[in-house]
Amino acid sequence: MPTPPLDLPPAASENPWQAARSVDKLSIHGDVRLDGEIGVSGAKNAALPVLAATLLTEQPLRIGNLPRLKDVATTLTLLSHLGVRAQYTGASEVVTDARDVSVLRAPYELVKTMRASILVLGPLLARFGRAEVSLPGGCAIGSRPVNLHIQGLKAMGVSIDIQDGYILATTPGLRGARIVLDLVSVTGTENLMMAATLADGITVIENAAREPEIVDLAHCLGAMGAHIQGAGTDTITVEGVARLTGTHHRIIPDRIEAGTYLVAAAITGGRVKLRDTDPLLMDAVLDKLREAGASVETGRDWIELDMRGRRPKAVDLRTAPYPGFPTDMQAQFVALNSIAEGTGIITETIFENRFMHVQELQRMGANIELEGNTAIVRGVERLRGAPVMATDLRASACLAVAGLIAKGHTLIDRIYHLDRGYERLEDKLTRLGARIQRVSGGSAAEANANSGNRSTTTGSRAPMRRSG
Ligand code: UD1
């Protein structure tokens, strides 16, 4: 097994991603009923592990339906730092070539901006027997440890040291193992599944996550020559092979992006038809939207929601691993309940600190009481526009959705969170009739004053800024 030298990361001042923080804001004039048709992009949470899987082979991988997102750009930057050549061959298609990987260290500067960087750990160990990955550290929605990734890899014969905030991992060769995950972890399952593809022998992952993005990754790995059974169930069996090959893989549609636009239409009493989506991945969310009073129709690759001008009814929900209600849709449903008829009780069971959007919604006039991991949302007739601050990816989506129904002007600061996971959100919402614009830089006060003036904004049609 080749063991290339471990290179040091470039100095912070040389890191191109360091200067990439966008100070853009979103300006929304609310109280507009949405109506129209838009396409759904590829799934962020499927794209990131599939990109990491490119490290498993020397042969090129062609990845289609890749969303143009900050997290995808960050992953491509990380891969390129490791020595992977990646080239866009279409608006949403990338060809990667990991033949010349020479750096086995994922630096803190990247990992801290995107926790999913941990996904390179399993593939690097499987192919090179060594890896150094920065610990992700805390994040806005909770402590989010990686102990399950580490325990599983140890069971497969990896020695792990934690030094100066880095996971230092080495193995003379991965071997198959039976791994029982204490908690259902999506990226944990993915990391171990990828590692197991090149291990010696059979790996069984019990209490595995069942998310559709795991099934998508398993399809990609299978097309690369891996032997995987049971993806999509709670027991995944992987029989290691000697090597993997290149392939062409198309990323599945983003069920969270789709759900966000459905909530956006529902909250405004409007209608939306989504193309390029897969309703079969979204049962829990579609059921809750129907319960809220929406008429929802579906076909093989489309979903149409019509609220017919009605005010939504409040819904109770509890987040859970797939096929339960996704934690990544919790914030958007808090927004929906905030103007609904009645009181909705929303319980978050996956992340301990995932109600940061509540305070911001309260600034817009929402009536929400927090009791531990439960939000009691008493619907009010109307929200009022206000300057608000995005705190994490889905909280940003919640505020954008709330801004659509609020009376007056909402200015959302720190939308770099939003750019991590939504492709051209303002374009897509504009196509549905929303009055929404991206405002570049400047102070909140300036942006507020200029919010109606197109000459000082990038406009809703401006291309998304990419970093790295
Ligand atoms: C993934 C998704 C994220 C989603 C989350 C839950 C990606 C890139 N991100 O995140 O959008 O919100 O699933 O559906 O796919 N845990 C541990 N130890 C570990 C790993 C996880 O205690 O080693 C805990 C976490 O703190 C959390 C729970 O397990 O409480 C689930 O987290 P996990 O499924 O791992 O989330 P991610 O894979 O990071």
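The figures that follow rest on heavy atoms only: side chains count, while hydrogens, waters and symmetry mates do not. Whatever order the structure lists ligands and atoms in, that order sets their numbers, starting from 1.
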Looking at F325 versus F333, is the centre-to-centre ring distance below 6.0 Å? yes
For L183, the ligand 1 atoms whose distance to one of its heavy atoms is below 4.0 Å: 17 (C), 22 (O), 24 (C), 29 (O)
Backbone or side-chain N or O of T187 under 3.5 Å from ligand 1 N or O: yes
Do N147 and ligand 1 have an N or O pair less than 3.5 Å apart? yes
Please state which option from I118, T327, N45 has its nearest heavy atom closest to atom 14 (O) of ligand 1. T327
Element-labelled atoms of ligand 1 that are located less than 4.0 Å from some non-hydrogen atom of I350: 27 (C), 30 (O), 31 (C)
Any salt bridge between E37 and K273, counting N to O under 4.0 Å? no
Rounded to the nearest 0.5 Å, what's the gap from CD1 on I303 to CG on L280? Could you check? 9.0 Å
Interatomic distance, NE2@H417 vs CE@M389, rounded to 0.5 Å, equals 9.0 Å
Judging by distance only, is a nitrogen or oxygen of D328 under 3.5 angstrom from one on ligand 1? yes
Should you measure from each heavy atom of H149, which atoms of ligand 1 turn up under 4.0 Å away? 23 (O)
Which ligand 1 atoms are under 4.0 Å away from a heavy-atom of R354? 12 (O)
Which atom pair, heavy atoms only, marks the closest approach of A264 to I267? O-CG2, 3.3 Å
Of the backbone atoms (N, CA, C, O) and the side-chain heavy atoms from C-beta on, which set of L148 has a member under 4.0 Å from an atom of ligand 1: side chain, backbone, both, or neither? both
Going by the side chain to side chain donor-acceptor pair (under 3.5 Å) test, which pairs reach into residues 196-209, not counting sequence neighbours? R178-E206
Can you tell me if P145 has a non-hydrogen atom under 4.0 Å from ligand 1? yes
Does the residue V184 have a heavy-atom contact with ligand 1, meaning some pair of atoms that are separated by less than 4.0 Å? yes
Backbone or side chain, does any N or O of F351 fall under 3.5 Å from an N or O of ligand 1? no
Counting only heavy atoms from other residues, nucleotides and ligands, does the tally under 6.0 Å from CD of Q359 exceed 12? no
Calculate, to the nearest 0.5 Å, the distance between atoms CZ and CG belonging to R105 and L124 respectively. 13.0 Å
For ligand 1 and V186, I'd like to know whether there is a polar contact (N/O to N/O, distance under 3.5 Å). yes
Can you measure from CG (L181) to CG (L192) and round to the nearest 0.5 angstrom? 6.0 Å
Heavy-atom gap R115 to ligand 1 smaller than 4.0 Å: yes
